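Okay, so here's the structure we're looking at.
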Amino acid sequence: MIRSQLKKVLDDCFDQGVTEGLWTGGAAGKFTVELPKHEGQGDFSTNFALVLAGIEKKNPRAIAQTIAEKLAMQTALIARVEIAGPGFVNVFINHDVWRRLIPEIIAEGAAYGKSSVGGQRKVMVEFVSANPTGPLSIGHGRQAILGDAIARLLEATGHDVFREYYYNDAGRQMRVLGESTRARYLQLLGEDFTFPEDGYQGEYIIDISRSLIEERGDSLKDHQDVTPFKEQAEKHIFKDISSTLERMGIVFDNYYNERSLYENGHIDDVVAELRAKGYVYEKDNAVWFRTTAFGHEQDRVIIKSSGEPTYRLPDIAYHREKFRRNFDWLVDIFGSDHIATVPDVLAGVKALGYDPDKVTVVLHQFVTLTRDGKQVKMSTRKANFVTVDELVDEVGVDPVRFFFMMRKADSQLEFDLDLATKQSQENPVYYVQYGHARLCAILRQAAEKGFAEPEFDVAESVLLNEPEELKLLKTMSTFPATIESSALELAPHKMIFYLMELAGQLHSYYNKHKVITDDIPLSRARLCMIRALQVVLKNGLDMLGLSAPDRM
RNA sequence: GCGCCAGUAGCUCAGCUGGAUAGAGCAACGGACUUCUAAUCCGUAGGUCGCAGGUUCGAAUCCUGCCUGGCGUACCA
């Protein structure tokens, strides 16, 4: 907010200089206002003079001098201006400007930090999308949290968000699931039946078969069709998946079934349309999509010689449906193992006449679990994988959410079970939450000592003069911009880092300065700031789906 | 072989749309509870930003080549 105010002032000074003939308009929009890395370099810094010097072939320090003088005249906003290094102009903001943030934050409350940059654009976030073949794995967990956090951030920035889970209950995987269930069913009934080689070996299949026996006895013993087994398995597993998602605070607006694409004729339709446009041909008894027309190295099969479509075709048809449902922006969260499908789907979208630039794919890398410093081995097919449910049982929802959001999607994520389990000290989740609990404790204490609900007073606010206080105010001021960049870049980890920074500053401040003292005006001023901090921390935690405890 | 991602402190990772002296957490070491909650704080130590070139006023950041790890490269999803 304050940064953009300064940018506007700087732009005005630039225009003024153009009018006065000091420089040409060539550098318009090229200079920036940044936060310097080191203290003593001002609250903000601009490379204005360096950029202009490059274009105008003039001495950067001379230009810096000129612009500094112009800026210094804006006394309402700027306290002083310095020229440093090769020609950086460092700007020191009037302290009152920071302090006035406090009443604004308190007044806005839960709305502080939210914005309308999204312009109510309709955006679909597709995530999880795991087929109901087993409980959600750790990898799905990361995706679930990542997608949910992104959805929340987009909502906070004024997007009209729709959360969708896409699944398939028709393909080969589900058939194998049905066969696995039948095998367990027959084994439970004492039949000597060999388990399918590529079957799902998890314990949960046996439970499902047992439930089938309870409901229907041995009536399915001679049933050759796997459908009832598949349906039972699907029902149970989906229930399991939804309850896992629910306990993590994740709710979908819609579950989209791939089968409907067939039933509604969309699959045939897409093939016909691609064929009409010349992007489809037959070879070796299969149907091929001419992806080479879009710069790919080789064409891809979309219908196998068996007549069964490959995963690409429904994926393309599904994305076409997303476009037809009038979304302005499609965000797909996929595991990095799906990377191969992305170019194909985008080519399909383009071939069908839609704009692939409206699709943003967030690919996240894998998760490894470590315990006692050693990697925990996982494998989906075998029985020894760790499920999201087990993880939540062990460490709790907040740490699971926090840890999955802590890394950018591009990075592999190491989930340290020992660290996440720790109720104390080095666990970053509690570090942030404890900050909030502390603020609540101070406010409780203040109420007990007879302080009224903090009310901002300009005269008193001048007492907020400690460097730690100004630093906190400055950090609070960047909250809205942090949400915005975190949302638009689809990068929840930025919010996590922000919260850790804010909590850190708060803890330092707490240990160095006492809020409630005999100095009533000072106490009142500080309590206002504490209230504002509480708002920011709470909003930040809420936005990421983390709880904000009043006491710990 | 080709494509994508990663390589930054002992470990896990930020920073990467070029900016000034490269950061955090954990681990290590030394301190702070008669105090609004010590789930906290303060201090010390820790680095050839994978390697080599290039681009320019300026490179962890951009370009090229190479090395290492992960994922993909199906008529699996």
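Chain naming here is simple, since letters A, B, ... match the order of the sequence lines and numbering starts at 1 in each. No experiment lies behind these values; they were computed from the predicted model shown. Worth knowing before you read on, the calculation uses all heavy atoms, side chains too, and leaves out hydrogens, waters and symmetry mates.
- Within 4.0 Å of A:Ser336, counting heavy atoms only, lie sugar-phosphate atoms of the nucleic acid but no base atom.
- Taking the six-membered ring where the residue is Trp, A:Phe48 and A:Phe14 present perpendicular rings, their angle passing 60° and hence far from 30°.
- One P atom belongs to B:C51, the other to B:A60, and the distance between them is 11 Å to the nearest Å.
- Here the P atom of nucleotide B:U37 and the CG atom of A:Leu443 are 11 Å apart, to the nearest Å.
- Nucleic acid contact class of A:His338 (heavy atoms, under 4.0 Å, all strands): base.
- Of the charged side-chain nitrogens involved, at least one lies within less than 4.0 Å of a carboxylate oxygen, so that A:Arg259 and A:Glu263 count as a salt-bridged pair.
- Picking from B:A39, B:U73, B:U37 the nucleotide with the shortest atom distance to the side chain of A:Arg300 gives B:U73.
- Under the 30°/60° scheme for interplanar angles, the aromatic rings of A:Tyr279 and A:Phe289 are found to stand perpendicular.
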**Request:** Apply the test side-chain contact (heavy atoms from CB on, under 4.5 Å) to residues A:Val331 and A:Phe127: give CA-CA distance (whole Å), side-chain angles for both, the deciding distance (0.1 Å), then the verdict.
**Result:** CA-CA 9 Å; A:Val331 175; A:Phe127 61 113; over 6 Å; no

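- Across B:U17 and B:G31, the matching C1' atoms stand 44 Å from one another, rounded to whole Å.
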Is there any protein nitrogen or oxygen under 3.5 Å from a nitrogen or oxygen in nucleotides 3-11 of chain B, and what are the pairs?
residue	atom	partner	partner atom	Å
B:C5	O2'	A:Asp410	O	2.8

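- Minimum atom distance to the side chain of A:Met552 is reached by B:A39, of the listed B:C75, B:A14, B:A39.
- Contacts of A:Lys350 classified as salt bridge (Lys or Arg N to Asp or Glu O under 4.0 Å), with partners at least two apart in sequence or in another chain: none.
- Going from atom CG of A:Leu499 over to atom C1' of B:C13 covers 17 Å, rounded to whole Å.
- Separation of the C1' atoms belonging to B:U55 and B:C63 is 7 Å when rounded to the nearest angstrom.
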Scan nucleotides 18-20 of chain B against the protein and return all N/O pairs shorter than 3.5 Å with their distances rounded to 0.1 Å.
residue	atom	partner	partner atom	Å
B:A20	OP2	A:Lys37	NZ	3.1
B:A20	O2'	A:Gln41	NE2	3.3
B:A20	N6	A:Ser45	OG	2.6
B:A20	N6	A:Asn90	OD1	2.8
B:A20	N1	A:Asn90	OD1	3.2
B:A20	N1	A:Asn90	ND2	3.2

**Message:** Show me the dot-bracket string of RNA chain B, counting Watson-Crick or G-U pairs under 3.5 Å, with | for pairs to another strand and [ ] for crossing ones.
**Reply:** (((((((..((((.....[...)))).(((((.......))))).....(((((..]....))))))))))))....

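- Under 4.0 angstrom from either OP1 or OP2 of B:A74 there lies no side-chain N or O belonging to A:Lys304.
- Aromatic ring pairs are classed by plane angle as parallel below 30°, tilted from 30° to 60° and perpendicular above 60°; the pair A:Tyr165 and A:Phe238 is tilted.
- Distance A:Phe404 CZ to B:U12 P: 18 Å, rounded to the nearest Å.
- As rounded to the nearest Å, B:A38 and B:C33 have P atoms that lie 12 Å from one another.
- Comparing B:C42 with B:G58, their P atoms are spaced 38 Å from each other, to the whole Å.
- At the heavy-atom level, A:Arg551 lies under 4.0 Å from base atoms of the strands shown.
- When atom types are taken as modelled, the side chain of A:Arg300 and the backbone of A:Thr341 share no donor-acceptor pair closer than 3.5 angstrom.
- Within the nucleic acid shown, A:Ala53 has no heavy atom closer than 4.0 Å to any nucleic acid atom.
- Under 3.5 Å, the side chain of A:Tyr434 and the base of B:A39 form no donor-acceptor pair of N or O atoms.
- Between A:Tyr434 and A:His507, the ring planes lie parallel to each other; the angle is under 30°, not in the 30° to 60° tilted range.
- Taking atom C1' in both B:G25 and B:G70, the straight-line distance is 24 Å, to the nearest Å.
- For A:Asp198 and B:C76, the CG to P distance is 13 Å, given to the nearest whole Å.
- Here B:G70 presents its C1' atom at 12 Å from CZ of A:Arg142, a figure rounded to the nearest Å.
- Counting non-hydrogen atoms under 4.0 angstrom, A:Asn285 reaches nothing in the nucleic acid.
- Residue contacts for A:Phe497: at a heavy-atom cut-off of 4.0 Å it reaches the sugar-phosphate backbone alone, with no base atom in range.
- A donor-acceptor contact shorter than 3.5 Å is absent between the side chain of A:Arg407 and the backbone of A:Gln412.
- If you measure from atom NZ of A:Lys449 to atom P of B:U35, you get 11 Å, rounded to the nearest angstrom.
- In this structure, of B:A77, B:C71, B:C75, it is B:C71 that holds the atom nearest to the side chain of A:Phe366.
- A straight line from CE of A:Met174 to C1' of B:A77 spans 13 Å, rounded to a whole angstrom.
- Under the 90° criterion around 0 for the glycosidic angle, B:C33 counts as syn.
- Among all heavy-atom pairs drawn from A:Pro132 and A:Asn168, the shortest one is CD-O, 3.9 Å.
- The same atom, C1', is picked in B:A28 and in B:A9; the two are 13 Å apart, to the nearest Å.
- For residues 522-532 of chain A, the pairs satisfying side-chain hydrogen bond (donor to acceptor under 3.5 Å, both in side chains) are A:Glu453-A:Arg531, A:Glu460-A:Arg524, A:Glu469-A:Arg526, A:Tyr509-A:Arg526, A:Thr517-A:Ser523, A:Arg531-A:Gln534, with sequence neighbours left out.
- The separation of B:U12 from B:G46, taken at their C1' atoms, amounts to 15 Å, rounded to a whole angstrom.
- Taking atom CG of residue A:Leu419 and atom P of nucleotide B:U12, one finds them 13 Å apart after rounding to whole Å.
- For the contact set between residues 507-518 of chain A and RNA chain B, defined by any heavy atom under 4.0 Å, the members are A:His507, A:Ser508, A:Tyr510, A:Asn511, A:His513, A:Lys514, A:Val515, A:Ile516.
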